[in-house]
Amino acid sequence: MNAQLLAEVTAWIADDPDPKTAAELNALISAGDEATLKNHFAGFLQFGTAGLRGPIGPGPSCMNRAVVGRTAAGLAAYMKERGMNKVVIGRDARYGSEDFTFETAEIMSGAGMKVYVLPRPLPTPVLAFATNELQCDVGIMVTASHNPPQDNGYKVYLGGTVDGIYYRGSQIVSPTDEAIAAKIDAITSLKSQPRGKVWEVLGEEIVEKYINRTALLAKNPGTLRIVYTAMHGVGTETIQRVFHKAGFQAPILVEAQAAPDPDFPTVAFPNPEEPGAIDLALETARSFDAHLVIANDPDADRCAAAINDPKTGWRMLRGDELGVVLGESIARSTNSGILANSIVSSSILSKIAKHYNLDFIETLTGFKYLAKIPNLTFGYEEALGYCVDAQTVNDKDGLSAALMLAQIAVDLKS
């Protein structure tokens, strides 16, 4: 085996806080599996504007406690340099999410930060909400969104204004990612980082606040048969509570996909846009003679819908179609404000804005850019990302979009 590679792997094992991944690497050394080791040691998992995302496994090129711990230490160094001291951490229900959450909490606590942890696996919008509500400097969400089951990831949100960029609880943009990445690169040993055990696991109050605030979007609840799928993710409980608080009938669940399951057993790819992903939801809609189907991706920051088209039967609405439905409805009910979408989306929202004498802004691709627009009234991206209530969640939110869609359907039916 290549001596340089062996030295690198051995040094990594000595610094790995997780006995499980250390044992996996030792087994690969014993087996002489140089090809697999090269894959696991093809450079440190790159930190960018989407944070981290990659397959779960040992070594610097995968998602594991050692990589997450070094990332947290780099992020803590970035925070200290800017006088930041409060962080909130959330997680989905994927493999590794809980371990990565508490790895981060220990490192942040050891760095002297005030650390909050969400009470259990929850949707990404709840973490984005909590970042602002708790006036935290940083929010971290452990999730791989709609990636395949073998992946996990690490999204970073900033509160307030940082380095001249108005974040207010939105995801990082350049050059913030480069500044954090440089701090991560400077962490040469995780074992040398101090660890703490002091953090606050939040109670239900923060979730209740999100639910209460989001439920206010429904002005005239009614009775509709709405089928809902969480796509094996974490959306079910929160959307049930949002609908209940808003006065809507409980959604009809796609039972096989309602509970969190990190294996995502009924879908080839846990993304509502993928062919076949909502087949079970459509089947449920037919058997219940439903009015509407709503789907979230596994971390519930995206929203998809299907309708019973008189010409074709049940079909998915494209991301731009849903953007138009939400945009038109919101534009009709406001006297002033800003509508926005990214350059990869349809141009029709600009025409709606013009018709209602509203301002319109087009941004680069990525919700991180839409979220930087002050006083955003409605923003969307064709990849099923919708922000219908930027004051509550300054990011895409599949739960508030779902509620607003239900309200639109009720209004149209009446």
Side-chain angles (χ1 to χ4, degrees), residues 125 212-226 228 239 242-243 245-249 251 290-296 301-311 315-363 367 369-414:
N212 293 343
R213 204 83 57 85
T214 302
L216 294 174
L217 293 169
K219 307 296 183 194
N220 180 34
T223 303
L224 279 189
R225 292 184 299 280
I226 298 174
Y228 172 76
I239 205 162
V242 166
F243 270 53
K245 185 72 181 179
F248 276 85
Q249 186 174 316
H291 297 102
L292 181 67
V293 168
I294 294 176
N296 286 143
D301 65 350
R302 286 176 166 83
C303 179
I307 56 162
N308 195 355
D309 191 313
K311 294 177 184 171
R315 73 167 181 93
M316 280 278 289
L317 289 176
R318 295 188 301 278
D320 283 317
E321 290 179 309
L322 197 46
V324 167
V325 170
L326 291 165
E328 168 72 23
S329 175
I330 289 167
R332 275 184 199 173
S333 61
T334 187
N335 298 319
S336 63
I338 298 169
L339 305 188
N341 58 228
S342 62
I343 55 173
V344 293
S345 307
S346 164
S347 63
I348 196 167
L349 192 64
S350 63
K351 299 175 178 73
I352 291 171
K354 187 177 179 184
H355 177 80
Y356 289 101
N357 295 313
L358 300 172
D359 293 325
F360 174 79
I361 295 174
E362 188 174 68
T363 71
F367 230 93
Y369 297 111
L370 288 164
K372 304 300 177 290
I373 298 169
N375 305 315
L376 179 68
T377 307
F378 171 66
Y380 95 92
E381 193 158 62
E382 50 75 43
L384 306 179
Y386 307 97
C387 178
V388 301
D389 182 15
Q391 289 310 303
T392 300
V393 174
N394 193 23
D395 191 22
K396 56 187 177 291
D397 181 348
L399 302 167
S400 57
L403 182 66
M404 188 161 279
L405 194 58
Q407 182 63 75
I408 291 166
V410 162
D411 294 344
L412 290 170
K413 186 171 184 289
S414 66

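None of the values given here were measured: they were computed from a predicted structure.
- The shortest heavy-atom contact between Met316 and Ala304 is CE-CB, 3.8 Å.
- Partners of Asp301 according to the salt bridge (Lys or Arg N to Asp or Glu O under 4.0 Å) rule, which considers only residues two or more places apart in sequence or in another chain, are Lys155, Lys396.
- One N or O on the side chain of Ser345 and one on the backbone of Glu382 form a donor-acceptor pair closer than 3.5 Å.
- Heavy-atom contacts from other residues, nucleotides or ligands closer than 6.0 Å to CZ of Arg213 number more than 12.
- Surrounding CG of Asp309 are more than 12 heavy atoms belonging to other residues, nucleotides or ligands, all under 6.0 Å away.
- Side chain of Thr334 to backbone of Ala331: no donor-acceptor contact under 3.5 angstrom is found.
- Distance alone, capped at 3.5 Å, is enough to place a donor-acceptor pair between the Gln407 side chain and the Asn220 backbone.
- Using cut-offs of 30° and 60° on the angle between ring planes, the pair Phe378 and Tyr386 is parallel.
- Shown here is Ile348, whose CD1 atom has no more than 12 heavy atoms of other residues, nucleotides or ligands within 6.0 Å.
- Not one N or O on the side chain of His291 forms a donor-acceptor pair closer than 3.5 Å with the backbone of Ile226.
- Note that SG of Cys387 is 8.5 Å distant from CG of Leu370, once rounded to the nearest 0.5 Å.
- Residues Gly337 and Thr377 share a closest heavy-atom pair of CA-OG1, 3.1 Å.
- For the pair Leu224 and Ala406, the tightest heavy-atom approach, listed with the atom from each and the gap, is CD1-O, 4.1 Å.
- Each of Val293, Ile239, Leu292 was scored for a side-chain contact (heavy atoms from CB on, under 4.5 Å) with Tyr228, with one residue passing: Ile239.
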